[in-house]
Trainee: 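Let me give you the structure first, and then I'll get to my questions.
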Amino acid sequence: MAGRASIPTKSSALIAMIADEDTVTGFLLAGVGNVDLRKKTNYLVVDNKTTVKQIEDAFKEFTAREDIAIVLISQYVANMIRFLVDGYNKPVPAILEIPSKDHPYDPAHDSVLSRVKYLFSAESVASDRR
């Protein structure tokens, strides 16, 4: 389809991570990690010393990179930069909020779920008019 976002096919697309140490370590052990020639990684470990500015910069960098297809971000970290997460509207890379070990998942704060609910509610209103 015309105008559809495409994922680069020269090499495999990456998954980026912004999360706590345990979550990032688990995904790194699963093979998600990558370090390019410029020593840029596809993950950010967030701890109590990580500033909101560092999280914002990592989010902006990961969403601007053409080799990243998905950005996984812990929901409690996404809440720190909620204005950026909610304002992001491109299909690629997709932003997925995940729970962490110390912070349970809260569906009320999930940006993807809220968009889906909005689409279904708008769709039901449109079908009622027919």
Side-chain angles (χ1 to χ4, degrees):
M1 290 182 179
R4 189 171 231 189
S6 64
I7 299 172
T9 56
K10 294 178 185 174
S11 62
S12 60
L14 300 174
I15 296 174
M17 290 282 312
I18 304 174
D20 61 279
E21 184 176 14
D22 291 340
T23 304
V24 171
T25 301
F27 277 92
L28 292 177
L29 289 171
V32 169
N34 183 61
V35 179
D36 65 12
L37 296 174
R38 298 170 296 163
K39 305 238 188 263
K40 289 279 192 180
T41 61
N42 64 328
Y43 57 89
L44 173 69
V45 176
V46 177
D47 58 17
N48 57 1
K49 297 176 186 171
T50 308
T51 65
V52 174
K53 175 81 168 116
Q54 290 172 310
I55 297 169
E56 289 175 7
D57 291 344
F59 182 83
K60 290 175 185 175
E61 176 190 341
F62 294 154
T63 55
R65 285 177 50 178
E66 293 184 9
D67 61 338
I68 293 180
I70 300 171
V71 177
L72 298 176
I73 184 168
S74 289
Q75 191 175 49
Y76 83 96
V77 175
N79 287 336
M80 294 180 197
I81 58 166
R82 179 58 57 196
F83 65 98
L84 282 175
V85 174
D86 288 346
Y88 183 80
N89 59 4
K90 297 179 183 173
V92 177
I95 309 299
L96 297 175
E97 295 180 33
I98 59 173
S100 65
K101 183 175 84 172
D102 299 326
H103 300 86
Y105 173 76
D106 182 7
H109 290 114
D110 191 333
S111 61
V112 173
L113 186 59
S114 65
R115 289 178 188 174
V116 169
K117 284 182 180 178
Y118 174 77
L119 289 174
F120 278 118
S121 66
E123 187 176 285
S124 65
V125 169
S127 66
D128 289 343
R129 292 181 183 169
R130 292 181 192 165

Trainee: Please round to the nearest 0.5 Å and tell me the distance separating atom OG of Ser74 and atom CE of Met80.
Mentor: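 So the gap between those two atoms works out to 9.0 Å.
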Trainee: Parallel, tilted or perpendicular: which describes the rings of Phe59 and Tyr88, with under 30° parallel and over 60° perpendicular?
Mentor: perpendicular
Trainee: As an exercise, state the distance from OH of Tyr43 to OG1 of Thr25, rounded to the nearest 0.5 Å.
Mentor: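 Rounded to the nearest 0.5 Å, the OH-OG1 separation comes out at 9.0 Å.
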Trainee: Under 4.5 Å between any side-chain heavy atoms of Asp47 and Glu21, yes or no?
Mentor: no
Trainee: Which atom pair, heavy atoms only, marks the closest approach of Arg82 to Gln75?
Mentor: NH2-O, 4.2 Å
Trainee: When you measure from the side chain of Ser100 to the backbone of His103, do you find a donor-acceptor pair of N or O atoms at a distance under 3.5 Å?
Mentor: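 Yes; judged by distance alone, with no hydrogens or angles, the pair exists.
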Trainee: Could you grab the distance from atom CD1 of Ile70 to atom CE of Met17, nearest 0.5 Å is fine?
Mentor: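 Answer rounded to 0.5 Å: 11.5 Å.
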Trainee: Are Ile81 and Ile73 close enough that some pair of their side-chain heavy atoms sits under 4.5 Å apart?
Mentor: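 Ile81 reaches Ile73 side chain to side chain.
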Trainee: Is it the case that the side chain of Asn42 and the backbone of Ile15 share a donor-acceptor pair, with hydrogens and angles ignored and the cut-off at 3.5 Å?
Mentor: yes
Trainee: So how far is it from Asp86 CG to Ile95 CD1, rounded to the nearest 0.5 Å?
Mentor: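 Nearest 0.5 Å value for the CG-CD1 distance: 11.0 Å.
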Trainee: Enter the distance from Glu61:CD to Lys40:NZ here, rounded to the nearest 0.5 Å.
Mentor: 4.5 Å
Trainee: For residues Lys90 and Thr63, determine if any side-chain heavy atom of one lies less than 4.5 Å from a side-chain heavy atom of the other.
Mentor: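 In short, these two side chains do not touch, never coming nearer than 4.5 Å.
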Trainee: Is it possible for you to say whether Ile18 and Val35 belong to one hydrophobic cluster, with membership spreading through side-chain heavy-atom contacts below 4.5 Å?
Mentor: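 Result: no, two separate clusters.
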Trainee: Find out whether Asp102 and Asp20 are in side-chain contact, i.e. whether some heavy atom of one side chain is under 4.5 Å from a heavy atom of the other.
Mentor: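 With C-beta onward as the side chain, the pair stays apart.
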Trainee: Say whether Leu29 and Phe27 are linked into one hydrophobic cluster, either directly or through other cluster members, by side-chain heavy-atom distances under 4.5 angstrom.
Mentor: no
Trainee: I need the minimum non-hydrogen distance between Ala16 and Ile68, along with the two atoms involved.
Mentor: CB-CD1, 3.7 Å
